[in-house]
Amino acid sequence: MRIVVLTGAGISAESGVPTFRDADGLWEGHRVEDVATPQAFAWQPDVVQAFYDTRRAALDAVDPNPAHRALARLEQALGKDLLLVTQNIDDLHERGGSTDVVHMHGSLRTALCTTCHQRSPVAEPLLADPPCPRCGHRTLRPDVVWFGELPHEMDRIHDALAEATHFVSIGTSGAVYPAAGFVQVARSAGAHTLELNLKPSEGTGYFHEARHGFAGELVPRWVDELLDR
Ligand code: BV8
């Protein structure tokens with residue numbers, strides 16, 4: 001078995017991290033283009049920095065849930081035969097025990113310097129405009145992939161999709177590309193495709209199998225099944 005797992009905001013919902021599109025979702029208070037685009041950062045950097053500072057601070061008040069921990073168990077069992085790809089910028093996979101997580105849309109825990117292009121752990125809110133610990137310039141931005149920017153590690157992801165025997169999508173609405181297109185890539189490479197989501201996603205029709213419910217229940221049950229088998 002060579003498995004690629006893709007996760008979205010839904011896997012962190014039961015931990016208390018708001019999703020994007022559900023009611024009271026992140027996008028409720030903000031228009032995507034006002035906070036998650038390079039244009040927005042150029043136009044109103046303080047609003048954008050505050051948006052991500054708030055989400056970063058909120059991470060200290062939440063914990064991983066049984067779905068995160070079940071995927072860490074799966075990594076233990078499968079090692080390199082599992083590639084865990086997340087669209088999430090929270091650190092709950094790592095705090096749940098996963099050690100090799102591809103953050104294709106970036107992370108809240110690091111900052112990116114637009115002068116020296118190096119990453120560094122975030123030590124204080126970026127709204128305070130702290131100097132880059134590497135080059136000293138006060139040009140740090142959130143280390144997230146905004147709309148119109150290329151996601152990270154796309155080659156590694158596509159190589160794994162081409163080899164996969166199983167592709168599993170957890171807690172994502174399938175509304176944002178290129179992540180929303182992975183199921184088709186995996187399926188055309190011969191993988192069995194499974195959706196674990198609260199309700200049918202926009203791409204639910206592309207999956208061989210779909211189980212709908214809470215990730216905190218569906219994911220541990222699926223991992224147990226797989227490991228028993
Ligand atoms: C790019 C980081 C090109 C920031 C994010 C093809 C067609 C159409 C449009 C495009 C296309 N290709 C590209 C585009 C444009 C765009 C796009 O897809 N637009 C959409 C809106 C149509 N894509 C891009 O711009 C991408 N970049 O294409 O670059 C390029 C090429 C070469 C060179 C340069 C550039 C970049 C996209 C990444 C943007 N950044 N995040 C931040 O976090 O603030 S996207 C962000 O939104 C998330 O990371 C995630 O990807 C997406 C949110 O989706 P989900 O995670 O799925 O969350 P959502 O709330 O929507 O759904 C939650 C689901 O969970 C629901 O289904 C719900 O039912 C379920 N659920 C809830 N609770 C539970 C649950 N399930 C289980 N248990 C529960 N308890």
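These numbers come from the heavy atoms of this one structure, side chains and all, not from hydrogens, waters or symmetry mates. If you're wondering where the values come from, they're calculated on a predicted model, not measured in any experiment. All residue numbers refer to positions in the sequence shown, counting from 1. Atoms within a ligand are numbered from 1 in the order they appear, just like the ligands themselves.
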(message) Below 4.0 Å from ligand 1: does a non-hydrogen atom of Ser201 turn up there or not?
(response) no
(message) Counting only heavy atoms closer than 4.0 Å, does ligand 1 sit against the backbone of Ala67, its side chain, both, or neither?
(response) neither
(request) Could you tell me if any non-hydrogen atom of Ala179 lies under 4.0 Å from any atom of ligand 1? (result) no
(message) Quick test of your reading of the structure: of Leu198, Asn197, Val145, Val176, whose heavy atom lies closest to atom 66 (C) of ligand 1?
(response) Asn197
(message) Looking at ligand 1, is there an atom of it that comes within less than 4.0 Å of some heavy atom belonging to Gly213?
(response) yes
(request) Determine, considering heavy atoms only, which of Gly216, Gly8, Gly10 sits nearest to atom 65 (O) of ligand 1. (result) Gly10
(message) Strictly below 4.0 Å, N to O, side chains only: are Arg95 and Asp90 in salt-bridge contact?
(response) no
(request) Would you please say whether a donor-acceptor pair under 3.5 Å links the side chains of Glu195 and Thr204? (result) yes
(request) Answer with side chain, backbone, both or neither: which part of Ala13 has a heavy atom less than 4.0 angstrom from an atom of ligand 1? (result) side chain
(request) Decide whether Thr7 and His68 meet the rule of one side-chain donor and one side-chain acceptor closer than 3.5 Å. (result) no
(request) Apply salt bridge (charged side-chain N to carboxylate O under 4.0 Å, His left out) to Arg109 and Asp60, showing your working. (result) CA-CA 11 Å; Arg109 293 300 190 190; Asp60 301 336; 3.1 Å; yes
(message) When you compare ligand 1 with Trp146, is there at least one nitrogen or oxygen pair between them that comes in under 3.5 angstrom?
(response) no
(message) Is there a polar contact between ligand 1 and Phe214, counting only N or O atoms under 3.5 Å apart?
(response) no
(message) Heavy atoms only, cut-off 4.0 Å: how does Thr172 contact ligand 1, side chain, backbone, both, or neither?
(response) both
(message) Ala9 versus ligand 1: do any nitrogen or oxygen atoms come within less than 3.5 Å of each other?
(response) yes
(request) Could you tell me which atoms of ligand 1, counted from 1 in the order shown, lie closer than 4.0 angstrom to a heavy atom of Gly148? (result) 24 (C), 25 (O), 27 (N), 29 (O), 34 (C), 35 (C)
(request) Check each heavy atom of Arg55 against ligand 1 and say whether those closer than 4.0 Å belong to the side chain, the backbone, both or neither. (result) side chain
